[in-house]
Amino acid sequence: MYQNLSSDEILTKLAQVAGDPYERAKEWKMESGSKIIGCYIMHFPEELLHAAGVLPIVLQVKEEPITTGHAYYPAYFCGPTRSIVDQAAKGELDFLDGFVGGDYCIQAVGGAEVVGNLLPKVNNMFFRLPVGNQAWTHGDIVTGLKELKRDIERFADKEISNEDILNSIRIYNKNRSLIRKIYELKSLHPSLLTSSDMLSIIKSSMVMPKEEHNEILESLLPKLQAKKDSIKEEGVRVFLSGSFCGAPKNEILELVEQSGAVVVGDDLFHGYRYISDNIAEDREPLAAIAAHYIDKNTNVPCPTRCDPKTDWPQYLVDSMRKYKADQLVIVMAQFCEPHMFFYPDIKDAMQEAGIPHLLLEISHELDSIETIKTRLEAFVEMAV
């Protein structure tokens, strides 16, 4: 189906899926007669949901201004949580059959509770993921996974076997591996794909069947490999950091590149953070998924995890050197408490390492686009 399309045509299709993030899921529901579970942003074991024969999708921030949701959630909470509450309040999430909330951030906890109340006909579940990474954490995550597995089996009216979970792990690992190969290509040839292209690849993966997405990526990858040597490389090399829940706005990504930069790497949730490592296929499945939550925090540290073994500021310094980046651009969602808490340490680490960085605090309504444009242009010019 995709073999006869060019890389640009495939990327256009993925951008269409990303631009209307729930439409493909709704089509899948009609085609399969199966159920859809919405996962509240960030830390969720999609493989366990997939093993029950349902389609897990990561709920997405929408570009529309928040209106109805203001009656249910404060305006001083972050845009991603408010956007999803707003969607639920407007009835835009009524197509869901199930919903899974989590406890990794105080704003996300509150948002998940509000969404659950706004969707009374939707089966509401919860994934209890301990915030700390201590000696007892792995066992506690396994316990939380067993609780969620029990709830999913009741929801789907299906017993989930270890082989079911392992099969889903293989499918999701394949997806992560394919996207990491695309990342490797982009790191070597930054102009091969724009940041918006990468966002479309990740975002579409979050909201459509992974089997279908794997088929698309298997067609896209060789076309990109064939194209890489014809790409002219130019621009200031920038590493993007932040945006832990919602996707960074395309306008911001485009402004970075319009300012004369090329993005060589990132730690975005809608980016490398989402696909940074695979789940072990040679362990008991729930134990392997639990280990994945600990291991991936080592690969790309997350400020919502309290892990004494990781150092996110140092990770950013090391990433700048790994990708030979000239500058660091930090995209912080307005009112993101975990990010705001860590930023002073990041600032100190960048200054000590002599790495120029720019902090962009982005509101959901994006009412300061011209100011952001001016700041980006001035920042990139410093490296020219």
Side-chain angles (χ1 to χ4, degrees), residues 41-43 77-81 104-108 131-133 183 187 195 198-199 236-249 252-253 255-256 259 261-277 294-364 368 371-372 375-383:
I41 45 189
M42 286 188 75
H43 303 298
F77 276 10
C78 71
T81 56
Y104 48 83
C105 162
I106 188 64
Q107 298 186 40
V131 172
N133 281 353
Y183 259 97
S187 68
S195 295
M198 294 304 300
L199 176 60
V236 175
R237 297 171 65 88
V238 163
F239 187 91
L240 283 179
S241 178
S243 289
F244 308 123
C245 295
K249 294 180 181 292
I252 302 300
L253 299 178
L255 284 178
V256 171
S259 299
V262 290
V263 176
V264 296
D266 69 68
D267 70 353
L268 310 173
F269 175 55
H270 282 70
Y272 197 77
R273 184 181 297 277
Y274 183 66
I275 51 89
S276 64
D277 69 338
I294 297 172
D295 294 342
K296 74 176 184 177
N297 195 61
T298 303
N299 289 340
V300 185
C302 178
T304 66
R305 309 284 297 151
C306 298
D307 187 352
K309 297 180 181 179
T310 61
D311 183 339
W312 186 33
Q314 186 58 48
Y315 161 82
L316 290 174
V317 171
D318 294 341
S319 295
M320 294 292 293
R321 293 167 178 163
K322 174 183 176 181
Y323 292 100
K324 297 181 175 60
D326 302 307
Q327 297 179 322
L328 172 67
V329 173
I330 300 172
V331 183
M332 180 190 292
Q334 192 176 41
F335 307 122
C336 179
E337 292 177 348
H339 201 167
M340 293 168 69
F341 179 82
F342 267 89
Y343 175 67
D345 291 338
I346 294 171
K347 181 179 179 181
D348 289 345
M350 294 305 115
Q351 289 178 340
E352 184 175 344
I355 297 172
H357 80 280
L358 176 67
L359 171 65
L360 299 176
E361 189 174 3
I362 308 298
S363 64
H364 178 77
S368 56
T371 300
I372 293 171
R375 293 182 66 205
L376 275 168
E377 289 174 347
F379 180 64
V380 172
E381 284 178 7
M382 290 169 53

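Note that the numbering runs from 1 along the sequence shown for the chain.
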Partners meeting salt bridge (Lys or Arg N to Asp or Glu O under 4.0 Å) with [X] (sequence neighbours left out):
X: R237; answer: none
X: K296; answer: none
X: D307; answer: none
X: E337; answer: none

Any L199 side-chain heavy atom under 4.5 Å of L268 side chain | no
Considering all heavy atoms of both residues, which atom of [X] and which atom of [Y] are nearest to each other, and what is their separation?
X: S363; Y: Q334; value: CB-OE1, 3.2 Å
X: C306; Y: P308; value: O-CD, 3.7 Å
X: M350; Y: L328; value: SD-CD2, 3.6 Å
X: M42; Y: C302; value: CE-SG, 3.4 Å
X: V380; Y: S259; value: CG1-O, 3.2 Å
X: C245; Y: P80; value: CB-CB, 4.0 Å

State which residues pass ring-ring contact (aromatic ring centres under 6.0 Å, His included) with [X]; sequence neighbours excluded, sorted by chain then number.
X: F379; value: none
X: Y323; value: F239
X: H339; value: F244, W312

What residues, two or more places apart in sequence or in another chain, satisfy side-chain hydrogen bond (donor to acceptor under 3.5 Å, both in side chains) together with D277?
-> H292, N299
Sequence-distant partners of T304, side-chain hydrogen bond (donor to acceptor under 3.5 Å, both in side chains), two or more places apart | H43
Separation between [atom1] of [X] and [atom2] of [Y], rounded to the nearest 0.5 Å:
X: M382; Y: D326; atom1: CE; atom2: CG; answer: 11.5 Å
X: I355; Y: I346; atom1: CD1; atom2: CD1; answer: 11.5 Å
X: D266; Y: R273; atom1: CG; atom2: CZ; answer: 9.0 Å
X: D295; Y: S276; atom1: CG; atom2: OG; answer: 9.5 Å
X: I362; Y: I252; atom1: CD1; atom2: CD1; answer: 4.0 Å

Taking only residues at least two apart or on different chains, which pairs with a member in residues 346-359 satisfy side chain to side chain donor-acceptor pair (under 3.5 Å)?
-> Y343-H357
Side chain to side chain contact (heavy atoms under 4.5 Å, CB included) between Q327 and L358, intermediate numbers included | CA-CA 8 Å; Q327 297 179 322; L358 176 67; over 6 Å; no
Stepwise, does the side chain to side chain contact (heavy atoms under 4.5 Å, CB included) test hold for M198 with Y183?
-> CA-CA 8 Å; M198 294 304 300; Y183 259 97; 3.4 Å; yes
Please tabulate, for side-chain N and O atoms in residues 315-322, each donor-acceptor pair with protein atoms closer than 3.5 Å (sequence neighbours left out).
| from | atom 1 | to | atom 2 | distance (Å) |
| --- | --- | --- | --- | --- |
| D318 | OD1 | Q314 | NE2 | 2.9 |
| S319 | OG | Y315 | O | 2.9 |

Check: L359 main-chain N/O paired with R375 side-chain donor or acceptor under 3.5 Å | yes
Decide side chain to side chain contact (heavy atoms under 4.5 Å, CB included) for M332 and M340; before the verdict, give the C-alpha distance in whole Å, the side-chain angles of both, and the deciding distance to 0.1 Å.
-> CA-CA 8 Å; M332 180 190 292; M340 293 168 69; 3.6 Å; yes
Test Y274 against F269 for side chain to side chain contact (heavy atoms under 4.5 Å, CB included), laying out the working first.
-> CA-CA 5 Å; Y274 183 66; F269 175 55; 3.9 Å; yes
For S195, enumerate each residue passing the side chain to side chain contact (heavy atoms under 4.5 Å, CB included) test, keeping only those at least two apart in sequence or located in another chain.
-> L240, L253, E257, V263
